[in-house]
Protein chains: 2
Amino acid sequence: MTLKRVAEDLNLSITTVSRALNGYPDVSESTREKVREAAQRVGYVPNRLAQALQRGTAEAVGIILPSQFGHFEDPFFLELLVGVGERLHNANLDLVVCAVPEGPAELDAYKRLVEGRRADAVIIARTRRHDERIDYLIGRGIPFVAHGRAETATPIAFIDADARTAFRRSTRRLIELGHRHIALIGAPEELFTAGERRAGYEDALQEAGIAFDPDLYAVTKLNERGGTTAAERLLGAARPPTALLCANDSIALGALRIARRLGIAVPEELSIVGFDDLPMAAQAEPALTTMRQDIRGAGARLADMVCARLGGAAIADLQELLEAPLIERESSGPAP
Amino acid sequence: MTLKRVAEDLNLSITTVSRALNGYPDVSESTREKVREAAQRVGYVPNRLAQALQRGTAEAVGIILPSQFGHFEDPFFLELLVGVGERLHNANLDLVVCAVPEGPAELDAYKRLVEGRRADAVIIARTRRHDERIDYLIGRGIPFVAHGRAETATPIAFIDADARTAFRRSTRRLIELGHRHIALIGAPEELFTAGERRAGYEDALQEAGIAFDPDLYAVTKLNERGGTTAAERLLGAARPPTALLCANDSIALGALRIARRLGIAVPEELSIVGFDDLPMAAQAEPALTTMRQDIRGAGARLADMVCARLGGAAIADLQELLEAPLIERESSGPAP
DNA sequence: TTCATGATCCAAAACGTTTTGGAAAGTGTA
DNA sequence: TACACTTTCCAAAACGTTTTGGATCATGAA
């Protein structure tokens with residue numbers, strides 16, 4: 001059902017029907033009412049493609065989901081997606097999702113999305129320190145908003161958890177509990193957040209006068225398997241740590257499993273702390289101490305920021321750092 | 001960069017440029033090469049909105065994600081999404097995602113999506129026995145594919161796990177292990193799959209000459225909390241069951257937690273069986289016996305089916321029932 | 001020479017919308 | 001009456017693509 005048909009039914013011009021429905025003042029109230037009624041009756045819904053073409057804007061934002069995430073990271077992404085999607089829907093913007101394997105295909109997908117005018121802006125997540133996606137987007141002048149920061153020449157719009165502060169606070173708390181041998185299972189170093197987490201950890205160590213010990217530092221993928229292998233190595237060392245700070249809840253859950261397998265009591269012999277506060281963190285046995293991130297809320301803010309960006313807001317006003325408070329549960333306690 | 005600009009650069013008509021790029025035979029190889037080169041050089045990417053408008057097809061499929069799923073069900077949906085998305089991307093179709101709260105807004109979102117020509121077809125998941133979404137889509141003649149079945153007057157295209165067979169097999173296995181008091185924590189009865197699961201359970205009971213006992217049947221939401229409350233009630237009864245068959249891994253994990261809290265040993269005193277084989281099922285303590293569903297694979301098939309449907313395939317050829325084999329892990333064993 | 005044939009190319013219409021720049025008719029004022 | 005203004009409407013262009021239905025020209029056959 002098109003505008004033309006509605007216009008013909010009413011013996012009006014397409015122009016008038018269009019303007020009646022869009023609330024222009026140059027159409028009389030009586031015809032406007034007639035048009036509304038007719039449109040309603042025949043079930044007229046504007047063709048968004050035609051609208052978009054005419055307006056020169058797609059009324060949509062794109063997001064890529066890297067399809068080979070480890071399973072245990074998934075809850076993070078879906079939460080983000082739901083947060084973003086719901087808010088965008090309210091703003092009458094569509095969300096176009098591409099699932100592509102990480103790698104060159106990913107960049108290509110962004111290109112298709114925006115240069116093919118399918119999306120006006122994109123959202124990217126899990127930023128790397130040097131992120132070719134961001135370089136590309138900046139180079140092309142494509143509006144985007146990131147979940148996570150990056151090292152870029154020009155500032156970008158982002159929302160991110162203040163992981164540095166959070167990790168400093170958690171480390172300090174562990175020190176307060178008497179721990180001196182605190183290991184960090186960090187994220188892959190190409191991720192921006194990896195540096196933040198490590199920096200926070202080192203900040204607290206330094207404040208307490210504890211030297212950073214490379215043997216107490218491991219790097220691994222942000223999933224459960226990464227947690228198991230890293231924890232296995234750290235806990236098998238000559239002088240094993242009494243506390244394990246993990247970049248991620250998934251990693252922490254993996255560590256928890258290894259501890260159980262090795263017969264190490266948590267938290268009596270070993271404290272474990274995660275990050276994200278995934279729903280399953282509270283369900284773990286023992287319940288996981290972790291730093292909380294409101295992922296769905298971040299998604300909603302991300303959507304708001306995309307709208308603001310499309311509305312011409314300055315990038316400087318679109319940079320948010322969110323608190324990640326420490327939630328102490330059963331997996332952490334005083335040093336043995 | 002538009003077709004027009006490329007044409008002007010080359011002193012050719014828009015028609016010729018278009019036809020050159022689209023491989024029509026009525027353009028000479030030499031000009032085709034020139035056009036290709038020029039398009040490449042200036043970074044021409046066709047405007048998909050214009051293409052879509054002209055072709056009368058959106059080249060996209062829609063999917064709704066009901067935004068208030070319980071957290072523990074999420075992995076299911078993301079897996080499905082990734083499976084669908086990846087395959088659609090390969091078919092050069094976009095995936096438009098809407099996140100809306102369940103309820104009337106959901107139907108509205110479908111309407112917007114397809115009547116606004118934003119999507120050519122839609123995918124729906126978690127079908128209900130009488131599903132107003134399906135009625136709507138059939139009524140409007142909108143192509144769709146469902147993950148899950150429904151009771152409809154006309155046949156629909158679907159892919160679904162054969163839960164009835166799976167539950168029959170699992171129940172039979174429990175009986176084989178000596179269980180006679182087997183409880184079922186079923187899904188909300190408006191879901192189509194709820195009936196299937198219960199039917200499979202009852203089939204096996206009947207085969208073994210065991211009467212169905214309403215006191216051993218509970219219904220609950222498909223999430224972890226549902227599992228805890230239902231299990232609490234069932235296990236607190238006068239003659240508690242020795243085995244718990246759950247509609248879902250999430251429910252099973254909730255039940256597992258309750259058993260632990262009540263000091264009931266699993267599997268020595270109580271066997272627990274789930275459904276889905278979520279990644280976390282294998283990680284549970286004890287590892288969960290469950291029926292496996294290849295969710296990502298189902299997503300990929302779903303995408304294939306949508307393409308087939310858009311290509312004019314008959315609905316009768318687009319109905320698939322998938323095996324859900326029993327994966328026996330640590331949470332089930334002989335009856336006490 | 002004439003005519004059909006093929007090989008290349010192109011103008012224009014169409015998809016459904018929004019917007020521009022009036023036109024027509026009515027109303028009040030001088 | 002003549003004029004300006006307001007109200008209400010509309011034709012046509014535009015967005016970027018695909019497709020239809022030729023047009024043009026060279027080639028070879030009759």
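So you know, we letter chains A, B, ... as the sequences are listed, proteins then strands, and number each from 1.
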Task: Inter- and intrachain pairs under salt bridge (Lys or Arg N to Asp or Glu O under 4.0 Å), touching residues 3-24 of chain B, at least two apart - done: Arg19(B)-Asp26(B)

Check nucleotides 6-16 of chain D for protein N or O atoms closer than 3.5 Å to its own N or O atoms and list the pairs.
from, atom 1, to, atom 2, distance (Å)
dC9(D), OP2, Ser28(A), N, 3.1
dC9(D), OP2, Ser28(A), OG, 3.3
dC9(D), OP2, Thr31(A), OG1, 2.9
dC9(D), N4, Asp26(A), OD2, 3.0
dC10(D), OP2, Ser13(A), N, 2.9
dC10(D), OP2, Ser13(A), OG, 3.2
dC10(D), OP2, Thr16(A), OG1, 2.8
dA11(D), N7, Thr15(A), OG1, 3.3
dA11(D), N6, Thr15(A), OG1, 2.7
dA12(D), N6, Thr15(A), OG1, 3.3
dA14(D), N3, Gln54(A), OE1, 3.3
dC15(D), O2, Gln54(A), N, 3.4

Task: Difference in axis direction between the ends of the helix from dT1(C)-dA30(D) to dA30(C)-dT1(D), five pairs, 10° - done: 80°

Open item on the list: Checking Arg87(B) now: which residues fulfil side chain to side chain contact (heavy atoms under 4.5 Å, CB included) with it, not counting sequence neighbours?
Closed with: Ala300(B), Ala303(B), Asp304(B)

Task: Heavy-atom check, side chain of Tyr110(A) versus side chain of Ile124(A), under 4.5 Å - done: yes

Task: side chain to side chain donor-acceptor pair (under 3.5 Å) partners of Thr2(A), counting only residues at least two apart - done: none

Open item on the list: I need the full list of side chain to side chain donor-acceptor pair (under 3.5 Å) pairs touching residues 307-320 of chain B, with sequence neighbours left out, sorted by first then second residue.
Closed with: Arg301(B)-Glu320(B)

Task: With Arg117(B) via side chain to side chain contact (heavy atoms under 4.5 Å, CB included) - residues at least two apart - done: Asn47(A), Leu49(A)

Open item on the list: Going by the rule salt bridge (Lys or Arg N to Asp or Glu O under 4.0 Å), which residues pair with Arg112(B) if we only count those two or more places apart in sequence or in a different chain?
Closed with: none

Open item on the list: OP1 or OP2 of dT18(C) versus the side-chain N and O atoms of Tyr24(A): is any pair under 4.0 Å?
Closed with: no

Open item on the list: I'd like to check the side chain to side chain contact (heavy atoms under 4.5 Å, CB included) partners of Arg140(B); sequence neighbours left out, ordered by chain and number.
Closed with: Lys111(B), Glu115(B), Tyr136(B), Ile142(B)

Task: Partners meeting side chain to side chain contact (heavy atoms under 4.5 Å, CB included) with Ala187(B) (sequence neighbours left out) - done: Leu191(B), Ala194(B), Leu222(B), Ala247(B)

Task: Any residue of residues 88-98 of chain B with a heavy atom less than 4.0 Å from an atom of DNA chain C - done: none

Task: Summary of salt bridge (Lys or Arg N to Asp or Glu O under 4.0 Å) pairs that have at least one residue in residues 145-159 of chain A, sequence neighbours excluded - done: Arg129(A)-Glu151(A), Arg149(A)-Asp160(A), Arg149(A)-Glu196(A)

